[in-house]
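Report on the structure given below.
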There are 2 protein chains.
Amino acid sequence: MVSCPKCNEVSAVQKAGIVRGKQRYCCKSCDFHFTLPDLTTAPQTKRHQVTIVDIAEELGISKSTVSRALRGHTDIHAGTRQMVLDLAQQLEYQPNPLANALLKSKTNTVGIIVPEFRHYFFPATIIGAQEVLSAAGYNVMICQSDESYETEVANVKALMSSRVDGLLVSLSSQTNNFDHFRAVQRRDVPLVFFNRVCPELDTPQVVVEDYAGAFAAVEHLIEQGYRRIAHLTGPSTLQVSHLRLQGYLDALQKHGLVPENELIIHYDLTPEKARIYANYLLSLPQPPDAIFALNDPTAIEIMLVAKARGVKIPQELGVVGFSNDPMSAIIEPPLTTVAQPVHEIGRQAAQLLLEQMNDAPPRRAVLTTQLLVRGSSQLERQKK
Amino acid sequence: MVSCPKCNEVSAVQKAGIVRGKQRYCCKSCDFHFTLPDLTTAPQTKRHQVTIVDIAEELGISKSTVSRALRGHTDIHAGTRQMVLDLAQQLEYQPNPLANALLKSKTNTVGIIVPEFRHYFFPATIIGAQEVLSAAGYNVMICQSDESYETEVANVKALMSSRVDGLLVSLSSQTNNFDHFRAVQRRDVPLVFFNRVCPELDTPQVVVEDYAGAFAAVEHLIEQGYRRIAHLTGPSTLQVSHLRLQGYLDALQKHGLVPENELIIHYDLTPEKARIYANYLLSLPQPPDAIFALNDPTAIEIMLVAKARGVKIPQELGVVGFSNDPMSAIIEPPLTTVAQPVHEIGRQAAQLLLEQMNDAPPRRAVLTTQLLVRGSSQLERQKK
DNA sequence: CTGTTAGCGCTTTCAC
DNA sequence: GTGAAAGCGCTAACAG
């Protein structure tokens with residue numbers, strides 16, 4: 001009645017005891033022990049996940065053999081492998097990644113820490129990073145620091161405790177102590193910064209041409225005829241702030257304009273503060289005739305404040321942002337902005353992380369920016 | 001020279017062999033075995049994570065005792081606990097959650113699947129969900145289905161294989177087969193739908209007053225004097241589409257207006273298609289004088305198309321959206337929209353998931369909506 | 001109060 | 001080719 005799965009012999013098969021309530025058989029011809037796959041009840045067993053032991057017992061072989069078959073080892077009997085593969089499929093076997101993770105100390109998970117994802121920029125970079133990472137077999141855990149140093153430290157701690165295999169980070173605007181990242185490095189966990197990079201640590205990083213982009217933006221404003229150009233930027237701890245400020249300053253200088261301290265404002269990148277400083281700038285005795293903002297959300301807050309005050313854009317105030325947030329194309333007038341390849345930033349960051357995991361030499365990726373001139377700064381054309 | 005950590009006795013301490021290269025001691029007075037904490041070299045050992053065994057050996061006690069001390073068990077000698085706690089801190093011991101996860105079949109991770117996070121809505125819900133989940137000690141894995149059924153199935157599979165403890169899902173616009181979620185239920189993994197909920201499965205879910213919101217929106221348009229009102233909505237498989245359509249239809253009927261098939265369009269919610277159908281509607285022989293859109297991104301695409309065609313909003317075309325995306329306040333004229341509590345949706349979804357994990361009876365949360373009347377639909381005021 | 005033992009699911013020597 | 005056994009880090013009976 002029962003045929004041996006190994007040699008197909010029928011007559012030599014004898015019963016060989018009952019294990020875990022299952023009738024076991026032994027083929028005296030080829031000395032193969034096995035049980036009959038119990039397909040009717042197995043899928044109904046809720047809760048209990050199918051393991052290689054289940055498969056092994058079902059087939060009357062050892063779990064090592066099942067493991068080998070599943071992992072595609074070469075030195076294994078083709079018939080055995082097929083049996084295992086078939087049964088695994090029927091039982092909807094799913095390997096438990098936890099066991100493997102414990103064994104290999106590798107979770108196939110990477111952590112991403114961003115300051116926020118209210119706006120367009122960070123979600124977009126995350127999309128790019130996820131693209132690359134999931135193609136490489138990694139899951140992603142995302143945390144927001146909410147622009148808070150403490151939360152960022154907590155995020156790092158949580159992700160490290162989750163034993164992520166790598167970390168992708170864009171710094172919070174508050175962070176100026178980097179010990180939590182030194183701890184990451186001490187544990188040899190690959191670390192890549194993007195956009196808001198860490199000046200003190202020697203890690204791979206992805207940035208854009210911040211200086212060149214800012215320079216082009218401000219030069220454009222000057223060419224349009226604006227002369228009293230303010231700059232609303234992030235905390236000076238952030239390298240992006242520093243570089244874009246430098247671009248701003250050098251553009252002014254090139255055209256013989258003298259920067260004024262009261263027109264250069266560092267702030268914490270919260271929308272509330274953006275509004276406060278925009279109002280402050282516009283109520284100066286000598287208000288600026290243009291503002292270059294660190295990013296589009298800031299620029300848009302400025303435009304809203306200006307509109308609310310009845311200040312005409314671009315006639316009375318030119319505005320330029322940075323990033324090409326979709327909002328910048330929608331606001332009226334559309335916002336001139338320095339476009340950066342947001343998805344590519346994420347992709348590159350993930351790429352650098354993968355490289356670092358494979359012990360490739362650390363790289364620094366610098367992506368290009370492009371000035372998109374739109375209505376918020378086209379003074380000359382408006383004048384015509 | 002060496003004092004016993006247990007009884008502080010010095011003279012009774014004798015050397016007791018070398019284990020793993022470390023001198024072990026034995027206190028003959030209290031029969032306590034121990035080694036001296038080797039603080040100088042321990043922190044330098046890269047790569048190797050400190051485990052309870054390290055602590056146990058360092059202290060000459062068993063790993064169970066260390067485990068108990070760390071877990072705050074009551075029946076443990078206060079001195080022993082302190083010793084363990086102190087050393088754990090000095091060694092920067094971090095428990096390995098993988099071991100625990102394997103043991104308990106609990107990963108403390110929940111998966112979230114959303115159709116996209118290009119726009120405001122889903123990132124905002126995720127922020128809310130993360131708030132609640134991380135407070136409850138859960139990590140979050142986020143996947144995007146990209147509005148694709150296949151990707152959604154793959155996402156579910158990936159998250160299940162990662163052994164998440166629960167799943168928060170908003171369906172892709174393509175999904176009309178729910179077998180992949182039945183598989184989740186079969187494995188007893190808690191499952192909560194939000195926003196785009198599953199009509200066929202009996203799970204907790206979070207929705208808003210879609211019908212009432214849509215009804216109010218359309219009634220508002222009618223009261224403003226619009227008479228030929230189109231509706232651009234999602235696939236009919238989505239319950240939101242269905243409910244908002246019903247609100248639209250009933251509002252028309254209440255005011256004696258007859259719905260026309262050519263003015264009701266279901267589409268796949270991609271921006272490209274939104275533009276195509278907006279153009280189609282506006283080039284009808286008898287174009288609509290108002291459009292109620294399923295959501296704000298759709299409404300905004302419509303406005304952009306209308307503007308490009310020189311159609312005046314709200315004079316020639318009234319537009320109403322749904323969600324109160326920040327973009328809706330920025331576009332010119334500002335978009336009338338049905339606001340929904342986006343963060344709260346995420347929070348509630350997480351809440352329902354936690355409840356389900358604690359075997360509480362499944363609930364359905366219905367959150368309120370509120371019509372925000374803005375410039376894109378205020379025909380009468382404009383006329384004055 | 002503490003140590004011993006077993007085991008979560010899997011891979012990987014090391015034998016045969 | 002295959003099986004037995006060890007072990008990843010931890011917790012939880014079960015004994016003392």
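In the text below, chain A, chain B and the rest are named by the order of the sequence lines, each starting its count at 1.
- The interatomic distance linking B:Leu98 (CG) with D:dC10 (P) rounds to 10 Å, in whole Å.
- Expressed to the nearest 0.5 Å, how far CD1 of A:Ile52 lies from CZ of A:Arg71 amounts to 10.5 Å.
- Which of D:dG3, C:dC10, D:dC10 sits closest to the side chain of A:Asn96 comes down to C:dC10.
- Distances shorter than 4.0 Å separate some side-chain N or O of B:Asn100 from OP1 or OP2 on D:dT11.
- A:Ser67 comes within contact range of at least one nucleobase, with a heavy-atom separation under 4.0 Å.
- A rotation axis mapping the C1' atoms of four pairs onto the next four is fitted at both ends of the helix from C:dC1-D:dG16 to C:dC16-D:dG1 over five pairs, and the angle between these axes is 50° to 10 degrees.
- Judged by distance alone, with hydrogens and angles left aside, the side-chain atoms of B:Asn358 form no donor-acceptor pair with the main-chain N or O of B:Ala360 at under 3.5 Å.
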What side-chain donor-acceptor pairs closer than 3.5 Å can you find for residues 81-89 of chain A, not counting sequence neighbours?
residue	atom	partner	partner atom	Å
A:Arg81	NH1	A:His73	O	3.0
A:Gln82	NE2	A:Asp86	OD1	3.1

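- Which of C:dC10, C:dT11, D:dT2 sits closest to the side chain of A:Pro95 comes down to C:dC10.
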Anything under 3.5 Å between a protein N or O and an N or O of nucleotides 4-6 of chain C, put it in a table, one pair a line.
residue	atom	partner	partner atom	Å
C:dT4	O4	B:Ser64	OG	2.9

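- Residue A:Leu70 contributes atom CG, which lies 15 Å from atom C1' of C:dT12 at whole-angstrom precision.
- Within the nucleic acid shown, A:Ile76 comes within 4.0 Å of sugar-phosphate atoms alone, with no base atom in reach, counting heavy atoms only.
- Look at CZ on B:Arg81: it is 9 Å from P on C:dC1, rounded to the nearest Å.
- A straight line from CG of B:Leu102 to P of D:dT11 spans 12 Å, rounded to a whole angstrom.
- Rounded to whole Å, atom P of C:dG7 lies 20 Å from atom CD of A:Gln49.
- Residue contacts for A:Asp75: at a heavy-atom cut-off of 4.0 Å it reaches a base atom on one of the strands shown.
- Taking CD of A:Gln49 as the start and OG1 of A:Thr51 as the end, the distance is 10.0 Å to the nearest 0.5 Å.
- Within a 6.0 Å radius of CG in B:Asp202, other residues, nucleotides and ligands contribute 12 heavy atoms or fewer.
- Between the P atom of C:dG9 and the CG atom of B:Leu103 lies a distance of 10 Å, rounded to the nearest Å.
- Sorted by first and then second residue, the salt bridge (Lys or Arg N to Asp or Glu O under 4.0 Å) pairs involving residues 157-172 of chain B (not counting sequence neighbours) are B:Lys106-B:Asp165.
- Along DNA chain C, the nucleotide closest to A:Ala99 and the one closest to A:His73 are compared, and the more 5′ of them pairs with A:Ala99.
- The distance from atom NZ of A:Lys104 to atom P of D:dA6 is 20 Å, rounded to the nearest whole Å.
- Straight-line distance from the CD1 atom of A:Ile52 to the P atom of C:dT12: 11 Å, rounded to whole Å.
- With sequence neighbours left out, A:Glu150 forms a salt bridge (charged side-chain N to carboxylate O under 4.0 Å, His left out) with no residue at all.
- In this structure, A:Gln356 CD and A:Thr203 OG1 are separated by 7.0 Å, a value rounded to the nearest 0.5 Å.
- B:Leu167 CG to B:Met141 CE: the interatomic distance, rounded to the nearest 0.5 Å, is 12.0 Å.
- In this view, B:Val132 and B:Arg347, B:Ala350, B:Gln351, B:Leu354 satisfy the side chain to side chain contact (heavy atoms under 4.5 Å, CB included) rule, not counting sequence neighbours.
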